[in-house]
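What you see is a predicted model; the values in this text were computed from it and never measured. So that the names make sense, note that chain A is the first sequence line, chain B the second, and so on, each numbered from 1.
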Amino acid sequence: MQERYEPASIEAAAQAWWDGHRAFAATEDQSRPKYYCLSMFPYPSGRLHMGHVRNYTIGDVLARFMRMQGRNVLQPMGWDAFGLPAENAAMANGVPPARWTYDNIAYMKRQLKSLGLAIDWDREVTTCSPEYYRWNQWLFLRMLERGVAYKKTGVVNWDPVDQTVLANEQVIDGKGWRTGALVEKREIPMYYLRITRYADELLGALDTLPGWPERVRTMQANWIGKSAGVRFGFPYELGGERRVLNVFTTRADTIMGVTFCAVAAEHALAAHAAQTDSALAAFIEECKQGTAMEAELAQQEKKGMPTGLYVTHPLTQQPIPVWVGNYVLMGYGEGAVMGVPAHDERDFHFARTYGLPIRQVIQKAGHAFADDAWQAWYGDVEDTTCVHSGKYDGLEYAQAVATIAADLKTLGIGDTQVQWRLRDWGISRQRYWGCPIPLVHCPACGDVPVPDGSGNPLGKTAAFVECACPKCGQPARRETDTMDTFVDSSWYFLRFASADNAQVAVDERANYWLPVDQYIGGIEHAILHLLYSRFWTRVMRDLGLVRVEEPFQNLLTQGMVLNDIYFRKPASGRIVYFNPTEVEVRTDPAGQQSVFLKADGAPVEAGGIGTMSKSKNNGVDPQLLVEQFGADTARLFMMFAAPPEQSLEWSDQGVQGAYRFIRRLWKSVYEHVGLGVASSDVQAGELTGEQRDLRRQVHQTLVKVTDDIGRRRVFNTAVAAVMELMNSLDKFTDVTGPGRALRQEALEKIVLILSPIVPHICHALWQELGHPGAVIDVSWPEPDASALAQDSVEIVLQVNGKLRGRIVVPAAASEADIREAALADAAVLRWVEGKLIRKVIVVPGKLVNVVA
RNA sequence: GCCGGUGUGGCGGAAUUGGUAGACGCAGCAGACUCAAAAUCUGCCAAGGGCAACCUUGUGUCGGUUCGAGUCCGACCUCCGGCACCA
């Protein structure tokens with residue numbers, strides 16, 4: 001065995017062995033339980049970043065662990081290859097999007113391979129290739145046939161200078177990113193997918209996903225936003241015609257407190273009133289300015305203007321003024337809301353601003369109402385009763401809602417209704433680098449599907465747009481919009497199962513592999529990607545294509561990778577960011593840290609810590625890391641530095657620490673096998689006390705690592721446990737026969753349980769320990785119950801909850817024995833002296849708390 | 001603004017079901033080896049007090065429940081993710 005640990009040759013040899021044996025090619029095998037392990041596929045931005053390394057290492061550890069547990073593992077990889085950056089690169093560098101994308105894929109694939117991931121590359125899919133996106137088109141046409149896809153208008157960000165639609169990220173402070181022009185909202189025709197048809201099912205099925213993080217399920221449930229309430233109308237007359245203004249409310253108990261109604265700027269009533277009111281027309285125009293982004297809309301100042309129109313309160317017959325409010329969304333409900341200033345915080349501030357009356361109709365015992373400042377209880381529904389509400393006085397929330405809903409129903413003007421926050425999914429994008437929507441617009445036939453979904457995103461010229469109608473043959477225009485890239489990622493996990501089938505989108509193999517047993521990806525996808533995938537899978541189920549309905553059985557949302565940010569802000573001009581490798585941190589004797597640029601020795605400013613990104617220039621290139629330390633060090637650092645769900649802070653010293661541990665492991669095996677490979681057959685009955693202690697720790701570590709990886713899905717504590725064992729093993733200098741057998745056993749177990757995390761070095765060390773086969777083909781080790789047995793345990797002694805001592809008792813000691821031993825302890829006696837012992841709490845195996 | 005999360009030594013983090021706060025690692029300090037440095041190895045390492053045994057305080061802030069709270073409850077603060085055209 002070589003004395004020096006040389007990652008480059010060790011990793012090349014291990015990867016060559018796996019490739020040569022096609023070790024990770026997955027085939028359907030009914031005789032073993034399957035395990036589909038999937039990490040979210042990357043956008044081919046050009047270079048791998050640390051977030052990818054983290055994501056794919058987590059997946060790889062689980063895939064390799066499950067393989068050792070006897071599962072038939074599939075771990076595929078592909079490319080989420082359509083999207084805006086390719087268009088931006090094309091404009092910046094004059095490179096066609098296709099070439100830019102495929103070059104990036106080739107480069108990133110090499111980088112991924114250097115990490116030693118247990119991936120079945122035979123199943124690779126690329127969403128921008130026609131072999132993939134033709135099935136998007138085929139599925140879209142099936143949805144159109146079934147009414148799941150349909151056409152209506154939608155609001156987009158419009159740049160009036162460039163005459164183009166902008167993505168939300170291209171709008172900065174309400175202005176176009178290139179032109180700086182004020183962005184406008186514009187309505188254009190778009191295709192939508194009827195995800196709302198599945199709202200109830202998508203919500204209800206969240207309960208069938210115990211393997212998902214609670215917070216993700218909560219976020220999805222809130223996003224779908226089912227609310228039970230009352231829909232009712234305010235009657236009014238317009239041009240001699242009787243109409244009603246319909247609103248939805250979850251607070252029907254406050255209807256008697258309505259003092260105004262507010263409608264969206266796009267509402268028909270607003271438009272009508274604006275015909276004779278130029279100030280109102282101007283206000284409505286102002287509301288239509290700005291972006292279509294909900295986050296910005298929600299933060300802008302709440303403004304309103306009266307329409308001069310009145311509607312009638314359906315229960316009191318009072319006239320109610322109608323206002324236009326910039327905070328009322330046309331897309332939610334019917335674009336109109338009732339205003340109850342006394343019991344809705346937003347309405348309260350609106351009423352205070354515009355001097356509208358505030359009428360209390362809910363009271364709560366022990367709380368006084370005052371209309372000069374909002375108090376938290378005004379919005380409560382618990383322990384409240386109606387007041388100033390005529391016949392409804394004294395009713396509590398649920399009774400009031402039921403009674404008022406019944407009355408509105410009797411009047412024929414309202415009823416209970418379930419309302420959803422979820423909106424249909426608009427998939428049209430006015431972009432070049434995306435999956436073409438396979439339709440032709442014919443003046444005679446309307447929207448006509450392109451047979452077999454043909455269409456080429458590489459030719460949006462007149463030759464592309466002008467075509468013959470597939471139905472009647474007359475001149476027609478081809479649809480030029482492409483699909484949202486979320487379409488591509490909504491079913492790629494199904495395609496992996498049938499990647500080589502050119503005849504159909506998915507075949508029977510999808511039913512073998514799905515659902516994905518473990519899905520791993522960023523928390524930023526908690527809502528949209530995961531919800532769209534759940535929806536799309538159900539649509540495919542309803543088309544009879546697959547039997548699965550929930551695509552992802554278990555979900556792990558990994559945290560971001562962060563690094564320090566350093567910059568200089570010149571008196572004039574832009575902030576310049578420096579990569580952490582370009583600066584030097586100095587600590588003065590007082591402990592004050594200051595940072596200097598290595599290049600010129602002058603100070604730079606520390607900007608805290610943030611996600612590794614190009615814009616902050618704080619990324620670390622995985623390539624350099626692998627070249628310098630090897631993939632195993634990169635993987636070990638990623639798994640050790642933080643638990644997978646938390647953000648991870650980059651640390652060069654932490655990488656050094658991981659490298660140091662790997663070298664120690666190598667050295668430990670080197671020194672052991674230098675004396676000759678021993679048999680790991682430990683004669684348990686003949687061990688000394690010290691030997692028994694070490695052996696117990698070996699098997700305790702086995703139990704802990706199995707539980708950490710297999711059940712808890714945390715790897716940093718698993719690595720820490722192995723480090724502790726290594727520390728003990730280094731202190732264990734016993735070279736007797738049983739001692740060497742024990743060391744052989746310990747090293748073998750360490751190599752086995754570390755092999756999912758650092759597979760290359762373990763591949764080499766397993767052979768050095770005297771085994772002819774490959775470590776990936778060895779079963780995960782089982783702990784030995786007899787090694788775990790303990791004869792005595794330490795019990796912590798507390799007096800009044802404070803730690804005062806410890807005793808060692810036989811493991812089999814009864815509660816009474818422990819109690820007696822504790823009360824006889826000198827430290828306990830000292831602390832209870834002169835006090836009456838009121839209570840003694842004994843937790844067997846843990847502690848005794850004496851309350852005095 | 002709304003929804004979801006987060007906060008523990010100098011730093012990353014551990015404490016799994018309410019039961020010993022700070023495992024493991026990094027940095028630092030001291031020592032060994034070395035002509036020297038690097039590497040490696042050994043020891044120390046929350047704060048305050050004490051010669052010491054040991055004591056007091058301490059998990060973002062304030063309050064509560066409990067024999068016992070980092071963990072549960074209420075209010076607040078901070079930072080992070082999402083908000084439907086970044087992926």
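Nucleic acid contact class of A/V851 (heavy atoms, under 4.0 Å, all strands): sugar-phosphate only. Using a 4.0 Å heavy-atom criterion, one finds that A/S651 contacts no nucleic acid atom at all. Residue-level contact check: A/F486 touches the bases, meaning some heavy atom is under 4.0 Å from a base atom. A/W831 comes within 4.0 angstrom of sugar-phosphate atoms only, judged by non-hydrogen atoms across all strands, and of no base. At a threshold of 4.0 angstrom between heavy atoms, the contacts of A/A295 include nucleobase atoms, whether or not backbone atoms are also involved.
Here B/A30 sits opposite B/U42 as a Watson-Crick or G-U wobble pair (both hydrogen-bonding atom distances under 3.5 Å). Checking B/C72 for Watson-Crick or G-U wobble geometry (two distances, each under 3.5 Å) identifies B/G64 as its partner. If you check B/C51 for Watson-Crick or wobble pairing at under 3.5 angstrom, you find it has no partner at all.
Donor-acceptor pairing under 3.5 Å, judged by distance alone, is present between the side chain of A/R431 and the base of B/C85. For A/Q430 against B/C85, a side-chain-to-base donor-acceptor contact under 3.5 Å is present. No hydrogens or angles were tested; on distance alone, a donor-acceptor pair under 3.5 Å links the side chain of A/K704 to the base of B/U16. In terms of polar N and O atoms assigned as donor or acceptor, the side chain of A/N849 comes within less than 3.5 Å of the base of B/C67 in a complementary pairing.
Note on A/N716: every side-chain N or O is 4.0 Å or more away from OP1 and OP2 of B/G25. Phosphate proximity of B/U40 to A/R663: present, with a side-chain N or O under 4.0 Å from OP1 or OP2. For the pair A/R215 and B/C3, the criterion of a side-chain N or O lying under 4.0 Å from OP1 or OP2 is not met. Within the 4.0 Å cut-off from OP1 or OP2 of B/A53, not a single side-chain nitrogen or oxygen of A/R830 is found.
A residue-by-residue look at A/R711 and A/N727 shows that A/R711 has its nearest nucleotide of RNA chain B further toward the 5' end. When each of A/G83 and A/A720 is assigned the nucleotide of RNA chain B bearing its nearest heavy atom, the one mapping closer to the 5' terminus is A/A720.
Proximity of the aromatic rings of A/Y492 and A/F41 is defined here by a centroid distance below 6.0 angstrom, and this criterion is met.
Side chain to side chain, A/T717 and A/D708 meet the donor-acceptor criterion of an N or O pair below 3.5 Å.
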Could you walk me through whether A/W666 and A/Y670 pass ring-ring contact (aromatic ring centres under 6.0 Å, His included), step by step? CA-CA 6 Å; A/W666 182 269; A/Y670 172 79; 8.2 Å; no
Could you walk me through whether A/Y192 and A/W425 pass the ring-ring contact (aromatic ring centres under 6.0 Å, His included) check? CA-CA 5 Å; A/Y192 283 80; A/W425 174 14; over 10 Å; no
